[in-house]
Amino acid sequence: MKSKKQKPDFLHLGIKLLHWFETNARNLPWRKTNDPYKIWICEILLQQTQVKQGLNHYLKFVERFPNVESLAAADEDEVLLYWKGLGYYSRALNLHKASKQICNDFKGKFPENYADILSLKGVGKYTAAAIASIAFNLKYPAIDGNFYRVLSRLFADDFDVSKPSAFQYFSELALLLMPDDHFGDFNEAMMDLGAEICKPKNPACEHCPFNIDCLAFNSGKISNFPVKSKKTKVTDLDLTYFFINFEDQFLVKRRKEDFIWKKLYEFAIEIPPEFEKYIIGHNVISHKLTHKNLKISINNVQILDFALFQKFALENDFEMVDFKRSRLKSFPKPLQNYLAKIEKKEDFQGELFN
DNA sequence: AAGCCGGGGCA
DNA sequence: TGCCCAGGCTT
């Protein structure tokens, strides 16, 4: 008989996590439902997005699109509108595609096994595991940034989470902890622990159910984990727009380029030389993205002749909108901010609506 | 395996 | 300023 165990009692840790979750679960709207559709929506929405940031969008999205049929029947443009301001807009485009996929390939019934869920556009290994476990109680660990952080700290494990193989590595580790039931609760518990206790910075170790087990905490090396070799590279990007308006109407067009903001609305990116005399000022907006520092120059072009304004719009495939109607279109965040500002006539270089 | 996609929050 | 987040897709 061994006097001391060399390895941690993995299953004991998993059960302890479930107990912690019983009294510490966050009260979130999508946890009141067993509807796989709504669980799917929330999992996609919360990719790289924090709860506080996405909660309102979730509520409005499922109110407008309460089921797969309503989402599949909607215009792509309207689906994008309900994603306005969230970022990673391909998520919305993929949601829309996948809803048609469910209607066509699965007869409108949400797929109930891991492989079929994984086949949905925009659903990867993490999201498939989350849906399978939460909606159908299947035993798949939903390996994400929380799992990486919690497990690497718990075992003071220096496996590089930047490597693609980290997914497989931490999946196997998570399976050792995973109890034989309540798989969805287990995954949600890990999410909550990662979000509220085992945070990236300033973790609340004094409130952590694992604080007597955590090798990183007990060796004073929490900040050493997780190990991540890949660093964020930031590049500069300059954009120039022409905000062309006649009285309270202005010109917008859907983006075709997909290097950023695919299919969102923007202003004109060029004007004919004869329009240059109508430029009455310009604004510069700085906007930070994860991988880019944007500098957006917006020239304000005021057209006084409606016939000229309309002719240019028609010949160049622009839409004429006013502020009220522009709210029904999805603009990139900086342009959305710009419209909000000039509607209130703040910081606007040039005359508008005079 | 590496690069890319948004935006908000934090130290 | 750099890095974090309930990642996935493309190359």
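Naming convention: chains lettered A, B, ... in sequence-line order (proteins, then strands); numbering from 1 in each chain.
Listed by chain and residue number, Phe312(A) satisfy the ring pair (Phe, Tyr, Trp, His ring centres under 6.0 Å) test with Phe318(A) (two or more places apart in sequence, or in another chain).
Cluster membership for Leu237(A) and Ile269(A), using ILVMFWY side-chain heavy atoms within less than 4.5 angstrom, is shared.
Atom CG in Leu93(A) sits about 13 Å away from atom C1' in dG8(C), given to the nearest Å. The interatomic distance linking Lys228(A) (NZ) with dG2(C) (C1') rounds to 12 Å, in whole Å. Nucleotide dG7(C) holds its C1' atom 12 Å from the CG atom of Leu46(A), rounded to whole Å. Rounding to whole angstrom units, CD of residue Glu188(A) and C1' of dA6(C) are separated by 10 Å. Residue Lys199(A) contributes atom NZ, which lies 12 Å from atom P of dA6(C) at whole-angstrom precision. Going from atom CZ of Phe167(A) over to atom P of dA6(C) covers 15 Å, rounded to whole Å. The CD1-C1' distance, from Ile117(A) to dG8(C), rounds to 16 Å in whole Å. To the nearest angstrom, P of dG8(C) lies 12 Å from CG of Leu95(A).
For the P atom pair drawn from dC4(B) and dC3(C), the interatomic distance equals 16 Å after rounding to whole Å. For the P atom pair drawn from dG8(B) and dC9(C), the interatomic distance equals 24 Å after rounding to whole Å. A distance of about 22 Å separates the C1' atoms of dG7(B) and dT10(C), rounded to the whole Å.
Side-chain proximity of Tyr126(A) to dC5(C), dG7(C), dC9(C): nearest is dG7(C).
The residue Trp30(A) sits close to a base: some heavy atom pair falls under 4.0 Å. Counting non-hydrogen atoms under 4.0 angstrom, Val234(A) reaches nothing in the nucleic acid.
By the 30° and 60° cut-offs, the orientation of the rings of Tyr278(A) relative to Phe275(A) is perpendicular. Using cut-offs of 30° and 60° on the angle between ring planes, the pair Phe267(A) and Phe331(A) is tilted.
Of the residues near DNA chain C, Thr232(A) and Asp192(A), the one whose nearest nucleotide (by heavy atom distance) lies more toward the 5' end is Thr232(A).
With hydrogens and angles disregarded, a donor-acceptor distance shorter than 3.5 Å links the side chain of Arg255(A) to the backbone of Ile260(A). Thr49(A) contributes a side-chain N or O that, together with a main-chain N or O of Gln47(A), makes up a donor-acceptor pair within less than 3.5 Å.
For the OP1/OP2 pair of dG8(C) and a distance below 4.0 Å, the side-chain nitrogens and oxygens of Lys97(A) include no atom meeting the criterion.
With hydrogens and angles left out, the side-chain atoms of Asn67(A) and Ser70(A) include a donor and acceptor closer than 3.5 Å.
A ring-centre distance under 6.0 Å is found for Tyr148(A) and Phe170(A).
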Subject >> Nucleic acid footprint by protein, nucleotides 2-11 of chain B - heavy-atom cut-off 4.0 Å, B for base, S for sugar-phosphate alone >> reply: ---BBBS-BS
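A heavy-atom distance below 4.0 Å to DNA chain C is reached by these residues of residues 130-154 of chain A, ordered by number: Asp144(A), Gly145(A), Asn146(A), Arg149(A).
Salt-bridge annotation for Lys139(A) and Asp180(A): present, with a side-chain N of the basic residue lying under 4.0 Å from a carboxylate O of the acidic one.
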